[in-house]
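Beneath this line is the structure, given in C-alpha cells, with notes to follow.
Proteins get letters first, then strands, A, B, ... in listed order; numbering begins at 1 in each.
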There are 2 protein chains.
Amino acid sequence: MKRITITDVAKLACVSKSTVSQYLNKRYDYMGETTKLRIENAISQLGYQPNIVARSLKQKRSSTIGVIVANILHSFSTKVIRAIEDTCNENDFHVIVCNADDDPVKEEKYIQMLLAKQIDGMAIFPTGGNLALYDSMVKMNYPVVFLDRMIEGVNIDAFLLDNENASNLAVKHLVDRGHTRIGVVTPSIERMVTPRVERLEGFKKALKVHGLPVTNEYIKSMGVDKLQSGLKEMFSLCEKPTALVASNDLTLFEVLKFVKENGLNIPEEIEVVGFDDIPFATVLEPSLSFLSQPAFEMGNKAAERLLEKIEKRDVLFESEIHRFQPTLFQGQLPKN
Amino acid sequence: MKRITITDVAKLACVSKSTVSQYLNKRYDYMGETTKLRIENAISQLGYQPNIVARSLKQKRSSTIGVIVANILHSFSTKVIRAIEDTCNENDFHVIVCNADDDPVKEEKYIQMLLAKQIDGMAIFPTGGNLALYDSMVKMNYPVVFLDRMIEGVNIDAFLLDNENASNLAVKHLVDRGHTRIGVVTPSIERMVTPRVERLEGFKKALKVHGLPVTNEYIKSMGVDKLQSGLKEMFSLCEKPTALVASNDLTLFEVLKFVKENGLNIPEEIEVVGFDDIPFATVLEPSLSFLSQPAFEMGNKAAERLLEKIEKRDVLFESEIHRFQPTLFQGQLPKN
DNA sequence: CTGAAAGCGCTTACAG
DNA sequence: CTGAAAGCGCTTACAG
C-alpha cells in the first residue's frame, strides 16, 4: 500500500529523478523523445501521481487560495464562492473555503491556518475585527482581496457593490411609483459593516435628492431580533410609511414576516424593495422588487485580481476599491 | 521577508530543532521547565508559525478533508458543507470544498487533485460516473463517505434521506387531505440518481398502500427543460390531478411557474408538496408543504464517520447505508 | 541532453 | 532530559 514516488518512476524508466521532474514540469526543451516516452510509460504503468505537498514545500507555492466568508449560508456568498472557484479552476488553482461566522476570533484562526498551510493568497469577507492582522499581511505584501466589505485605512483591494447607488435606485423606484413616505430597515450599524452603513447613508441622501424629508421614525437600524418591535412602532405612526427598503435578506425576512402577520397587502398597503435575490421569488407572491448584486462578476473579478497579485508577488500594487452596479428587478430575477 | 523556520527558533532558544519540534507537538514529558520557557519566548519573539506543508510531508497526514458537492448553489449542499465544517473544526481538521457540477469528468479531476494533495479523506456527493475510481479508493482503504446518493455495488458508507418514506409521507399528507388524484414530478431518472429513483419508487408504492391506482399520466419524470410541456399534458386530462409532489427544488420551481402562469390557485385547485426547503417559504405565498431533510445532522454524522475512518485508518470498516428521516412542514419551515 | 547533490521545513527513532 | 542524523518527495541550479 505504499505510495508510488518519483523515485519509483525514475527507476522503472531508467533515468534520474531530475529528469522525471523535468518531464512532470513540462520542461521538454532538451529532452530526448525516447526518454520522454519511457517516462510516460513508467508513469502510467505505476499509476504515479506527484505528491503536491512535497512540491509545495520545495516551491513555496501551493497553487491554492483561501476564501473566508462571513457565512456560507448566504446565497450571495455562495455565488461569489462559486465564481471564484470557476476562475481559479481555469488557472489550475484550488480553493479552500472557510466560514468565519462573522466572528473575528474565528477569522483570525482561519487566516493563521491558511498562512501556515502556505496558501498563496486569500479572498476575505472581512469581519473588520482584525486590523493588525490585515495590516501585517499588507506589510508582508501577501496577496489578499476583500469582498463585500472594505476596511478603512487598510491598504487592500476591495470588491463591493455601489451601495449608495443601490439605495438611490431603490428610493427612485419607489418615488417614481408615487411614494413619499418611505422607510428603511437595516441591521445594526454599530460595527460599521460597509454595506449596512453605505446603504443607510445612500438612503438618506437619496431622499434629499428627491426632495423628501429624512424622518427618523421611518429609519430602523437595529439587531434583527428587535426588528419586529421596531416595525410595530413604525406602523403605529399616524403617518405610516407606504413603502419600505429592506437593506439585506435578513431584514427583508423580518419585513415580510411583519407584513404577513399583520395582514398587510403588498403592494397596495406597503411596497417593498429588497437587496439580493430570494430564490423562487419569481414564482411566489407577493411580487417584490430587488436590487440584485452581480455576485458572479464580483467573484470573478476579485479572483482575477488575486491571481494577478499572486503571479506578480514582487510587484507592489496600488490597492483600489472596485465598485459594482446593482440591477433593479421587479418580480422577475436574473438567471445568475 | 524570509519566513521564520524552526531552525531560527532553535537558534534563538539555544536548543536543537528536535527539542523545538517536541515542544510544538506538546511532548513535554521529559522537557525541562526552563527549556520550555526559552522556546516559548523564542517563538513569540519571532512570531514563528510552523509550516504545515512540511509537517504534512513528513507525517503523511494533512489534517484536511475534501468535500465534493454536486452543486454548491443548492441550499441542501450548503447546509451539509456547513455542518461538515463545524464538525471538522472541532477536531482541528480543515475542509476543502469542490464543485463537481454533477459532471463525472470534473469529479474525477477533483478526486485526483485531493489525493495528490494528500488529503486525509473525502465526503462526496457522487455523480455515479466514476465507478472504477470509487473502487480504487476502497481498495486503498482510503477514507470516503458518500452523501445524498449511494452507488450500487461500491462499498462506501452513504448518508442519505429515507427517500421512500419521504414520498410516503407526502402522499399520506395529501390523501389525508382528501386527494385521490395525485401527480408527481421528478427530474429524469435516466442516470439512476438515488434520490430521484427512490422518491419515484416510494411515490408509487405509497399510492398502492393507500389504495390508489398508479396512473402513468400523473407521473412526469423528465429533463427539467421539458417539464412545462409535461405539466401542460397532465393538466389537459379530463381528470386533472388535484395535488402534486415535486421531488426536488428544481421541479418545484417548474411546478410553481406553471401554476402561476396558468393562474391556478394553491391549494384550492392544486395542492403542492415539495422537497427541501425554500428560504423565505414561511413568509411568502402560496403556502406549501415541504419534506425537509435534516441536512445539518446528515453532515455532522457523515463527518464524524469520516473522521473515525481517518483516525483508524488500519481498521477495515463495514460500510453501511445511513438513513435519515424527513420531516413534513406545512408553510412553516424548521430553523436549520 | 541527463544526473548528482543540496535543500525545502519539518518529525522521529535513536543514542547518550 | 536533549541533540545529531536521516528522511518525507519533490525541484533546481549546476556540472558535464
Side-chain angles (χ1 to χ4, degrees), chain A residues 1-40 42-43 46-64 112-113 115-120 313, chain B residues 1-40 42-43 46-64 112-113 115-120 313:
Chain A
M1 195 61 288
K2 111 176 216 320
R3 269 190 72 89
I4 311 294
T5 74
I6 201 172
T7 311
D8 303 314
V9 176
K11 247 178 231 156
L12 186 62
C14 298
V15 294
S16 74
K17 293 193 298 175
S18 320
T19 308
V20 178
S21 178
Q22 313 274 29
Y23 173 87
L24 291 173
N25 291 286
K26 306 204 195 318
R27 295 199 221 295
Y28 302 135
D29 313 352
Y30 298 99
M31 198 171 296
E33 251 330 295
T34 52
T35 318
K36 210 147 94 179
L37 271 172
R38 280 209 313 277
I39 296 176
E40 213 162 282
I43 286 177
L46 296 169
Y48 168 69
Q49 284 260 218
N51 180 326
I52 295 189
V53 174
R55 173 182 297 166
S56 298
L57 177 58
K58 184 63 189 172
Q59 293 189 153
K60 294 158 172 285
R61 294 191 304 101
S62 58
S63 291
T64 306
Q112 300 289 15
M113 176 275 272
L115 288 173
K117 283 203 158 208
Q118 316 298 112
I119 297 302
D120 299 331
R313 180 71 193 265
Chain B
M1 197 60 289
K2 112 177 217 316
R3 269 189 73 88
I4 312 293
T5 74
I6 200 172
T7 312
D8 303 312
V9 176
K11 247 178 231 154
L12 186 61
C14 299
V15 294
S16 75
K17 293 192 298 174
S18 321
T19 307
V20 177
S21 180
Q22 313 276 27
Y23 173 87
L24 291 173
N25 292 286
K26 306 206 195 318
R27 294 199 220 297
Y28 302 136
D29 313 352
Y30 299 99
M31 197 172 295
E33 251 331 294
T34 51
T35 317
K36 211 147 92 179
L37 271 172
R38 279 210 312 278
I39 296 176
E40 214 162 279
I43 287 178
L46 296 168
Y48 169 69
Q49 283 263 211
N51 180 327
I52 296 189
V53 174
R55 173 182 297 165
S56 299
L57 177 60
K58 183 64 189 173
Q59 292 189 152
K60 292 160 173 286
R61 294 190 303 101
S62 58
S63 292
T64 305
Q112 300 290 14
M113 177 275 273
L115 288 173
K117 282 203 160 210
Q118 315 300 109
I119 296 303
D120 299 330
R313 180 71 193 265

Open item on the list: Does dA4(D) have OP1 or OP2 under 4.0 Å away from a side-chain N or O of S16(B)?
Closed with: no

- [ ] List in chain and number order the residues that pass side chain to side chain donor-acceptor pair (under 3.5 Å) with S16(A), two or more places apart in sequence or in another chain; answer none if no residue qualifies.
- [x] T19(A)

Open item on the list: Return the OG1 to CG distance between T5(B) and L46(B), rounded to the nearest 0.5 Å.
Closed with: 9.5 Å

TODO: Verify the distance criterion only: is there a donor paired with an acceptor across the side chains of K117(B) and T64(A) at less than 3.5 Å?
DONE: yes

Open item on the list: If I take atom OH from residue Y48(B) and atom CG from residue L24(B), how far apart are they, to the nearest 0.5 angstrom?
Closed with: 5.0 Å

Open item on the list: Using a 4.0 Å heavy-atom cut-off to protein, can you give one letter per nucleotide of nucleotides 7-16 of chain C, 5' to 3': B if the base is in contact, S if only the sugar-phosphate is, - if neither?
Closed with: BBBBBB----

- [ ] Please identify each residue that fulfils side chain to side chain donor-acceptor pair (under 3.5 Å) with K17(B), with sequence neighbours left out.
- [x] none

- [ ] Please list every stem that involves DNA chain D, where a stem is a run of 3 or more consecutive Watson-Crick or G-U wobble pairs with both pairing distances under 3.5 Å.
- [x] C:1-3 with D:14-16, C:5-12 with D:5-12, C:14-16 with D:1-3

TODO: Can you sort out the partners of Q49(B) under side chain to side chain donor-acceptor pair (under 3.5 Å), two or more places apart, ordered by chain and number?
DONE: none

Task: Counterpart residues, side chain to side chain donor-acceptor pair (under 3.5 Å), relative to S56(A) (two or more places apart) - done: none

Task: Distance in Å, D120(A) CG paired with Q59(A) CD, rounded so as to fall on 0.5 Å steps - done: 10.0 Å

